[in-house]
J.: 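Handing you a structure now.
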2 protein chains.
Amino acid sequence: MAHKDSAAVPVKDARIMVIGGASLVGSATVDELLARGAREVVIFDNLSFGGQPNIAHLDGNPKVKVVQGDILKLHQLLAATEGVDGIVHLAAYMTLNFDRDPWGGIDVNVRGVQNVLEACRANKVRKLIFSSSNAVYGYGPGVKGDLVEDTPFHAAGAPPAAILYGASKIMGEQLCRDSFRKHGQDYVVLRYSTVYGERQHYRAANALYIVETHDAIKRGERPKVIGDGSETKHFVYVGDLARANIMALEAPATDVAVNTSGPEPVTTLELVKLVAELSGRPDLQPEHVQPDPTKVRLTSGGAFEIVHKAAKDAIGWEPQVTMREGLRRLLAWRDAATN
Amino acid sequence: MAHKDSAAVPVKDARIMVIGGASLVGSATVDELLARGAREVVIFDNLSFGGQPNIAHLDGNPKVKVVQGDILKLHQLLAATEGVDGIVHLAAYMTLNFDRDPWGGIDVNVRGVQNVLEACRANKVRKLIFSSSNAVYGYGPGVKGDLVEDTPFHAAGAPPAAILYGASKIMGEQLCRDSFRKHGQDYVVLRYSTVYGERQHYRAANALYIVETHDAIKRGERPKVIGDGSETKHFVYVGDLARANIMALEAPATDVAVNTSGPEPVTTLELVKLVAELSGRPDLQPEHVQPDPTKVRLTSGGAFEIVHKAAKDAIGWEPQVTMREGLRRLLAWRDAATN
């Protein structure tokens with residue numbers, strides 16, 4: 001990690017572009033940028049994942065510019081990044097999409113990052129915040145214990161799409177490092193753990209589980225737990241990530257990759273009980289089932305914690321929203337959206 | 001690993017394509033295929049790395065067809081793979097090329113593999129042998145001890161280009177797995193360790209060291225050893241890999257990735273002394289120098305052994321050529337070529 005004064009991009013009065021700005025984390029980041037006094041926020045999004053409702057509340061806001069564009073089209077990125085001070089790059093295929101379309105995943109997650117870096121270089125964008133993932137530690141059974149920034153990539157035993165996704169994020173990170181070394185491009189990589197929160201989409205295998213569990217409980221069904229429920233997952237609340245993106249822009253840090261995870265991991269059993277309780281049905285006991293072998297499932301099969309101490313050191317960030325509070329907000333939003 | 005009778009592609013009387021057939025391993029594989037009675041060997045190569053001399057001895061051989069083509073052009077692959085029974089896919093950027101041109105590296109090593117798999121699917125090519133690398137275990141300081149097929153990818157501490165190369169090979173392997181699952185495409189992945197042998201090229205950082213050392217000794221200079229020379233490298237002789245490619249085609253095995261490394265690892269100091277001895281100058285004592293920080297250097301900094309036992313189990317292969325014998329052959333070739 002290097003520090004230099006010039007790597008700080010204060011958000012106030014700045015022009016910031018959020019690529020994938022109509023996504024779960026993107027729309028929350030846009031809101032936070034506006035709250036911090038950004039001069040203009042450019043939402044660059046191909047709107048292919050149905051994100052329009054996530055930014056509907058910004059319609060008519062003079063500080064928001066929506067560009068429907070494709071990161072695979074470099075000329076669109078070049079036009080959109082003129083005069084931009086900083087970029088938060090979120091657009092990506094995740095594992096389920098990689099399973100359906102590996103070609104598209106590699107295009108978006110690797111070539112897309114190359115294009116964004118090229119646009120940064122060409123238009124002298126001062127700083128790029130690249131959203132990576134704890135997928136860079138893999139999803140194999142070897143993922144155990146504390147996951148810190150130099151934990152290796154455990155692939156063995158994971159489905160092809162999960163490995164492709166993780167490797168694509170490893171490559172995206174290294175393209176940033178390469179650009180820093182060759183062109184001095186400032187960047188911070190944030191390795192998101194599994195995101196959840198209001199405007200929850202259906203693309204992420206792990207976060208989807210929360211919504212499915214809640215929906216089942218509301219139908220009066222017992223929630224399903226795969227195996228004994230002792231597997232841990234380590235979620236992070238969407239608002240905490242929006243804050244992390246802004247702090248990464250504003251920090252003097254550059255050329256660094258850090259984990260951004262929630263306060264603590266949770267076992268699947270704890271999670272399901274928490275959802276049942278918050279859904280007003282603590283009486284519904286979880287039903288233990290066997291995994292469906294036809295479904296892409298991401299699990300370490302073990303217990304791990306994604307350590308976020310390095311993020312505190314590098315950009316001053318810590319998660320603030322507990323799993324209970326974040327779930328309460330997600331379920332309240334879900335109930336409002338489905339009633 | 002799955003076994004089925006149909007996954008064996010006997011080479012005798014078969015039509016086999018070698019992509020990257022004008023390379024070091026490619027040309028040796030072509031020779032071996034012809035020796036085993038292949039009906040036709042198609043050399044598909046863009047000839048961009050100056051491989052023409054490697055296949056000059058095949059000029060006029062009626063069983064050899066040379067197609068100057070580009071794996072990034074799917075229509076060229078589709079035309080060339082018609083009626084082909086099996087493919088050995090070797091074309092790739094290595095770390096030094098990734099450093100110079102990450103865009104090209106990702107194209108060739110990832111999109112190129114997708115194109116080859118698509119051509120296999122479209123033209124019902126029965127089996128693909130994909131040359132991966134021990135780079136899938138990474139080049140970080142964490143690479144120590146026995147490297148077996150489920151060793152994780154140690155990236156931390158390695159240069160961007162080395163990580164990009166390793167991740168690109170991880171992705172190539174997973175694209176094969178994905179195609180096996182979705183289309184039943186039979187394949188074997190061979191994870192080459194550092195190749196050396198006659199027709200040695202200058203593209204591989206580690207193997208280059210042998211030739212450079214030999215050249216220095218012939219000029220009467222003391223050979224250079226970086227650090228104390230205790231780092232291990234684990235080479236494999238080119239002829240052993242040519243044999244591995246044929247055995248992988250002919251084995252009933254499919255959907256499996258195995259290491260193909262030489263008989264045993266060697267320390268840098270042992271290697272340099274061996275080269276000095278074989279060059280007739282055992283008196284020239286190695287000079288210990290500090291690493292050049294401006295050069296891309298691939299080293300674990302530690303001691304490791306790439307275990308090839310799984311290759312014996314899966315395809316019956318073991319290395320046969322010792323480091324001493326392989327070096328003797330390489331240096332004799334080098335002397336003949338430069339005299």
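The sequence lines fix the lettering, A, B, ..., with proteins before strands; numbering per chain opens at 1.
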J.: Based on non-hydrogen pairs under 4.5 Å, which of B:D107, B:T151, B:V136, B:I163 is most in contact with chain A?
T.: B:I163

J.: About how many Å separate CH2 of A:W103 and CG of B:D178, when rounded to the nearest 0.5 Å?
T.: 11.5 Å

J.: Can you confirm whether B:K124 is buried at NZ, in the sense that more than 12 heavy atoms of other residues, nucleotides or ligands lie under 6.0 Å from that atom?
T.: no

J.: Among A:L164, A:D150, A:V110, single out the residue with the greatest number of heavy-atom pairs under 4.5 Å to chain B.
T.: A:L164

J.: Do A:K182 and B:D99 make a side-chain contact, defined as non-hydrogen atoms from C-beta onward lying under 4.5 Å apart?
T.: yes

J.: I need the minimum non-hydrogen distance between A:A158 and B:R177, along with the two atoms involved.
T.: O-NH1, 2.9 Å

J.: At a heavy-atom separation under 4.5 Å, does B:S168 approach chain A through its side chain, its backbone, both, or neither?
T.: both

J.: Checking heavy atoms, do the side chain of B:E173, its backbone, both or neither come under 4.5 Å from chain A?
T.: neither

J.: How many angstroms lie between CE in A:M171 and CE in B:M171, if you round to the nearest 0.5 Å?
T.: 6.5 Å

J.: Using 0.5 Å steps for rounding, measure from the CD1 atom of A:I170 to the CZ atom of B:F153.
T.: 5.5 Å

J.: Just how far is it from atom CD of A:Q174 to atom CD1 of B:I106, taken to the nearest 0.5 Å?
T.: 10.5 Å

